[in-house]
Each structure stands twice: as C-alpha cells, then as structure tokens.
Colleague: 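Would you mind keeping the following structure in view while I ask a few things?
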Amino acid sequence: QVQLVESGGGLVQPGGSLTLSCAASGFNLDSMAIGWFRQAPGKEREGISCSENDGGITYYADSAKGRFTISWDHAKNTVDLQMNSLSPEDTATYYCAGVVCRREVETMPKLDFGSWGQGTQVTVSS
C-alpha cells in the first residue's frame with residue numbers, strides 16, 4: 001500500500017523550532033513533487049511549501065518564507081520541513097502530499113494519489 005505519513009509535530013513555545021517529516025511507504029518519493037499543507041481549526045487547508053527535482057524547484061508561501069525550509073532526505077526516503085521562529089499563528093495540523101508544485105503554493109493542487117493522511121499536530125503556545 002502506497003501512502004505518505006507525517007510525523008514530528010508537537011508542542012513548542014513561540015520562537016521555537018520543529019522539523020516535520022513526510023515518509024513514503026511503498027514507493028520512492030523521488031517519483032513526484034511533494035508539498036506541505038496545514039489546516040488550522042476553522043480554516044481551510046492551505047499549501048505552505050513544495051519541492052520537486054530533489055529540491056531543484058522549491059516554493060514557499062509568504063507565511064513560510066524565511067522561516068521554513070523544505071528538504072529531501074534520500075537515506076530515509078522523507079521530505080522534511082524545518083520550521084523556525086514559530087508563532088501561535090503556525091498552530092495547525094500539517095499534512096504532506098504529492099502535488100503539482102508551483103509558485104502559487106497556497107493553492108497548489110494535490111495529486112490524485114491516495115487520500116490525505118492523518119497529519120501531524122503542531123501547537124505553538126507558551
């Protein structure tokens with residue numbers, strides 16, 4: 001069964017950092033572009049970053065620029081999202097998915113490749 005599984009979330013204080021991982025099961029992540037999304041309570045899911053070509057093409061939402069970094073770890077077959085300078089506004093459930101990676105990250109389409117995973121919860125609070 002092919003699927004993507006998110007991990008790495010948790011509770012962090014404002015200004016802190018977290019690294020999320022998107023792990024592939026049943027296939028090689030290199031075969032597609034990967035995007036990270038988040039959904040806060042009461043809000044729609046939004047794209048925050050995507051990458052393809054082993055990081056050769058990378059885009060970030062304005063909310064993530066300068067704070068988040070997306071990267072590939074081939075040894076672990078994961079796409080990671082390093083998040084720094086977190087604020088309460090970053091509190092959300094974070095998801096990864098195969099995507100059409102494009103500059104308009106906020107509205108990047110998810111590929112028809114399996115359903116959304118359970119996500120990983122990130123809570124930024126003092």
Side-chain angles (χ1 to χ4, degrees):
Q1 180 181 1
V2 294
Q3 63 178 357
L4 294 172
V5 179
E6 306 90 350
S7 65
L11 173 64
V12 63
Q13 292 186 341
S17 299
L18 280 175
T19 299
L20 308 182
S21 287
C22 175
S25 176
F27 70 101
N28 193 320
L29 276 176
D30 289 350
S31 62
M32 65 178 64
I34 297 297
W36 278 95
F37 299 78
R38 67 184 182 187
Q39 187 168 21
K43 295 187 177 180
E44 294 187 354
R45 189 166 3 221
E46 63 173 353
I48 53 174
S49 183
C50 66
S51 181
E52 64 176 317
N53 293 338
D54 194 8
I57 295 176
T58 301
Y59 297 117
Y60 297 94
D62 288 344
S63 61
K65 286 178 182 176
R67 300 189 302 131
F68 294 3
T69 303
I70 190 170
S71 63
W72 297 70
D73 187 326
H74 296 289
K76 297 187 297 181
N77 197 27
T78 64
V79 176
D80 299 333
L81 186 69
Q82 170 72 40
M83 306 188 296
N84 299 323
S85 302
L86 288 165
S87 72
E89 290 70 33
D90 296 313
T91 295
T93 302
Y94 285 69
Y95 304 86
C96 63
V99 299
V100 177
C101 185
R102 64 187 189 187
R103 194 176 304 276
E104 300 80 19
V105 170
E106 292 85 348
T107 57
M108 61 183 169
K110 175 185 173 296
L111 296 175
D112 185 16
F113 181 83
S115 58
W116 291 101
Q118 293 189 339
T120 186
Q121 176 66 38
V122 173
T123 302
V124 185
S125 175
S126 56

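What you see below is based on every heavy atom in this structure, not just the backbone, and it leaves out hydrogens, waters and symmetry mates. What you are looking at is a predicted structure, and each value in this text was computed from that prediction instead of being measured.
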Colleague: Determine whether K110 and W116 make a side-chain contact, defined as any pair of heavy atoms from C-beta on separated by less than 4.5 Å.
Modeller: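 Touching, per the 4.5 Å side-chain cut-off.
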Colleague: When you group the ILVMFWY residues by side-chain heavy-atom contacts below 4.5 Å and let the links chain together, are Y95 and L86 in the same group?
Modeller: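 No, L86 does not connect to Y95 through the hydrophobic network.
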Colleague: What's the separation between atom OG1 in T78 and atom CG in D73, rounded to the nearest 0.5 Å?
Modeller: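 If we round to the nearest 0.5 Å, T78:OG1 and D73:CG are 4.5 Å apart.
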Colleague: When rounded to the nearest 0.5 angstrom, what distance separates OG1 in T19 from CE in M83?
Modeller: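 Reported value, rounded in 0.5 Å steps: 7.5 Å.
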Colleague: M108 vs F37, test: side chain to side chain contact (heavy atoms under 4.5 Å, CB included). Steps then yes/no.
Modeller: CA-CA 9 Å; M108 61 183 169; F37 299 78; 3.7 Å; yes
Colleague: If you round to the nearest 0.5 Å, how far is CD1 of I57 from CD of E52?
Modeller: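 CD1 of I57 is found 4.0 Å from CD of E52.
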Colleague: Heavy-atom count check: over 12 atoms from other residues, nucleotides or ligands less than 6.0 Å from N28 CG?
Modeller: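 Check passes, neighbour count above 12.
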Colleague: State plainly whether one hydrophobic cluster holds both F68 and V105, where clusters connect Ile, Leu, Val, Met, Phe, Trp and Tyr through side-chain heavy atoms under 4.5 angstrom apart.
Modeller: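 Different clusters.
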Colleague: Are L20 and V12 co-members of a hydrophobic cluster defined by side-chain heavy atoms under 4.5 Å apart?
Modeller: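 Yes, same cluster.
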Colleague: Any chance CD of E104 has more than 12 other-residue heavy atoms, nucleotides or ligands included, within less than 6.0 Å?
Modeller: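 Yes, CD of E104 has more than 12 neighbouring heavy atoms, counting only those of other groups under 6.0 Å.
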Colleague: If you measure from OG1 on T120 to CG on L81, what distance do you get to the nearest 0.5 Å?
Modeller: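 It comes to 11.0 Å.
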Colleague: If hydrophobic clusters are built by linking Ile, Leu, Val, Met, Phe, Trp and Tyr wherever their side-chain heavy atoms come under 4.5 Å apart, do I48 and Y59 end up in the same one?
Modeller: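 Result: no, two separate clusters.
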Colleague: Say you draw a straight line from CH2 of W36 to SG of C50; how long is it, rounded to the nearest 0.5 Å?
Modeller: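 Atom-to-atom, W36:CH2 and C50:SG are 13.5 Å apart.
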Colleague: Rounded to the nearest 0.5 Å, what separation is found between the OG atom of S51 and the CD1 atom of I70?
Modeller: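 One gets 5.0 Å once the value is rounded to the nearest 0.5 Å.
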